[in-house]
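Contents: one structure, followed by commentary.
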Amino acid sequence: MKPIRHSLALMVLVGAPHAVQAQETLEIVVPFAAGGATDIVARSFEPIFSEKLGVTSVVRNLAGASATVGTSEVAKSEGNPNIIGYEPAGALSIQPSLKDLSYGPESFTYICRTTSNPMFLMVSKSSDIENFDQLVATSQEEPLFYGSSGPGTLPQLAVAALVSESDLDAAHIPYSGSGPAMNALAGNEIQIFADTETVLTNYDLRPLAVFAEQRLEGYDEVPTIGELEGVPDMDFSVWQGVVAPKGISQERADQFTQACKATMESDEFKSFAERANVNIAYLGPDDFESFVKERFEANKQVLRDAGLLD
């Protein structure tokens, strides 16, 4: 057994209502169902992070309520050094505005931001719709539905904002993650989805536009939302990061941070990111915490503008 494992196993971490001992097995909570964009990245992150930290880890998918069930599990584990959350943007920066939750942006020990990717507006490749104008025209003739990985997630927020600012007529159907939503898209329960390039490429979908300020490399033919006739610029990026419960020791938080930074810098994760078209966007704990709190306030205004918040 590696010496670092001995040191972690023997370390007593104080700061919770009671002392909790660091164990050799770390639980990484992913608050979405398996198969979605967050889960895909988390399962590539996990083995590298585990190796850098010097412990055994296991991914636990704890889906429900737009990622708030799993996120709440991390928040309520105060002082526990053996659990972290691999968190999507919505759970930290949108859901606390929409629901009466047991947690808010201030409820965590921030470890690192890992990735950030703009979202695409997409349809199935089996669809006859090949551009946004056709999508709008179709929606005027028959009801269309767009899916999301849950109410109040960024995929819903992006399309809701687009519907409110254009002639697109579509209603929302939430799912427990991108994976179940892709099954619905394949079965024509929904016709529209918004998510990152990871979902776009993994499920071989057709992009109609990108929620970014500029066209993306490799997608020169895909217009930005702002290039669509009569639609303002919209910039929605899906970011992810790692948080731990409040009350863990600074030493343990530093271990998590160092392991996360080393993971982002590793050839293994860079190789995965290149294959999956994932943008590594590392932020350390202080910058990540400031970023989340800034996005929380900005998203609250977007929710108001889209009519999703009083």
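Contact annotation: the side chain of Ile248 never approaches that of Asn80 to less than 4.5 Å [non-hydrogen atoms, C-beta and beyond]. At a threshold of 4.5 Å between non-hydrogen side-chain atoms, the residues Ser266 and Lys270 do not count as touching. You'll find the side chain of Glu229 stays beyond 4.5 Å of the side chain of Phe132, heavy atoms only. Contact check for Lys300 versus Leu309: side-chain heavy atoms found under the 4.5 Å cut-off. Counting heavy atoms from C-beta on, the side chains of Asn117 and Val278 come closer than 4.5 Å. No side-chain heavy atom of Val210 sits less than 4.5 Å from a side-chain heavy atom of Ile225. Pro31 is not listed as a side-chain neighbour of Thr68, based on a closest heavy-atom distance of 4.5 Å or more. The shortest distance between side-chain heavy atoms of Tyr110 and Leu283 does not fall below 4.5 Å.
Counting only distance, with no hydrogens or angles, the side chain of Ser148 and the backbone of Gly150 share a donor-acceptor pair below 3.5 Å. Although no hydrogens or angles enter the test, the distance criterion places a donor-acceptor pair under 3.5 Å between the side chain of Lys99 and the main chain of Ala65. In this structure, the side chain of Ser290 does not engage the main chain of Asp287 through any donor-acceptor pair within 3.5 Å. Side-chain N or O atoms of Arg113 include none that pairs as donor or acceptor with a backbone N or O of Gly284 at under 3.5 Å. Checking side-chain atoms of Glu289 against main-chain N and O of Pro285 turns up no donor-acceptor pair under 3.5 Å. Side-chain atoms of Ser50 do not come within 3.5 Å of backbone N or O of Glu46 as any donor-acceptor pair. A side-chain donor-acceptor contact under 3.5 Å links Ser139 to the backbone of Val136. In this structure a side-chain-to-backbone donor-acceptor pair under 3.5 Å is present from Gln95 to Gly152. Between the side chain of Asn61 and the backbone N or O of Phe32 there is at least one donor-acceptor pair closer than 3.5 Å. Thr138 contributes a side-chain N or O that, together with a main-chain N or O of Gln134, makes up a donor-acceptor pair within less than 3.5 Å.
Separation of atoms OG1 (Thr224) and CD (Glu227) is listed at 3.5 Å; rounding is to 0.5 Å. The line from OG1 of Thr153 to CD1 of Ile94 is 7.0 Å long, rounded to the nearest 0.5 Å. Between the CG atom of Leu308 and the CG atom of Leu303 there is a distance of 5.5 Å, given to the nearest 0.5 Å. Between atom CG of residue Leu185 and atom CD of residue Gln191 there is a gap of 8.0 Å, rounded to the nearest 0.5 Å. Atom OG of Ser124 and atom CG of Asp204 lie 8.5 Å apart (nearest 0.5 Å). Between the CZ atom of Arg252 and the CD1 atom of Ile111 there is a distance of 9.5 Å, given to the nearest 0.5 Å.
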Take Glu265 and Lys261 through the salt bridge (Lys or Arg N to Asp or Glu O under 4.0 Å) test and state the conclusion after the steps. CA-CA 6 Å; Glu265 293 174 347; Lys261 189 172 189 293; 2.6 Å; yes

Would you check, one step at a time, whether the test side-chain hydrogen bond (donor to acceptor under 3.5 Å, both in side chains) holds for Asp254 with Gln258? CA-CA 6 Å; Asp254 289 344; Gln258 291 162 11; 5.4 Å; no

Could you walk me through whether Val58 and Ile28 pass the side chain to side chain contact (heavy atoms under 4.5 Å, CB included) check? CA-CA 6 Å; Val58 59; Ile28 301 179; over 6 Å; no

Is there a side chain to side chain contact (heavy atoms under 4.5 Å, CB included) between Val41 and Gln240? Walk through the geometry before answering. CA-CA 9 Å; Val41 181; Gln240 303 167 348; 3.5 Å; yes

Side chain to side chain contact (heavy atoms under 4.5 Å, CB included) evaluation trace for Ile84 with Val29: CA-CA 6 Å; Ile84 59 174; Val29 173; over 6 Å; no

Intermediate values then yes/no, side chain to side chain contact (heavy atoms under 4.5 Å, CB included), Leu205 and Lys125: CA-CA 5 Å; Leu205 305 179; Lys125 277 194 175 175; 5.6 Å; no

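Between Ala34 and Asp39, the closest heavy-atom pair is CA-OD2, 3.4 Å. In plain terms, the two heavy atoms of Ile192 and Ala170 that are nearest each other are CD1-CB, 4.0 Å. Pairing each heavy atom of Pro207 with each of Val222, the nearest pair is CG-CG2, 3.8 Å.
In the hydrophobic cluster analysis, where Ile, Leu, Val, Met, Phe, Trp and Tyr join through side-chain heavy atoms closer than 4.5 angstrom, Phe120 is grouped apart from Val123.
At most 12 non-hydrogen atoms from other residues, nucleotides or ligands lie less than 6.0 angstrom from CG of Asp167. For CD of Glu268, the number of neighbouring non-hydrogen atoms (other residues, nucleotides, ligands) closer than 6.0 Å is greater than 12.
For Arg60 and Glu27, the salt-bridge test passes: some basic side-chain N is under 4.0 Å from an acidic carboxylate O. Using a 4.0 Å cut-off between a side-chain N of Lys or Arg and a carboxylate O of Asp or Glu, Arg215 and Glu221 do not qualify as a salt bridge.
Screening Phe45, Tyr282, Phe288 against Thr114 for a side chain to side chain contact (heavy atoms under 4.5 Å, CB included) leaves a single residue, Phe45. Of the options Asn202, Val238, Asn279, Asn277, a side chain to side chain contact (heavy atoms under 4.5 Å, CB included) to Glu197 is made by Asn277 and by none of the others.
For Phe269 and Phe49, the gap between ring centers reaches or exceeds 6.0 Å. Between Phe108 and Tyr103, a ring centre-to-centre spacing shorter than 6.0 Å is recorded.
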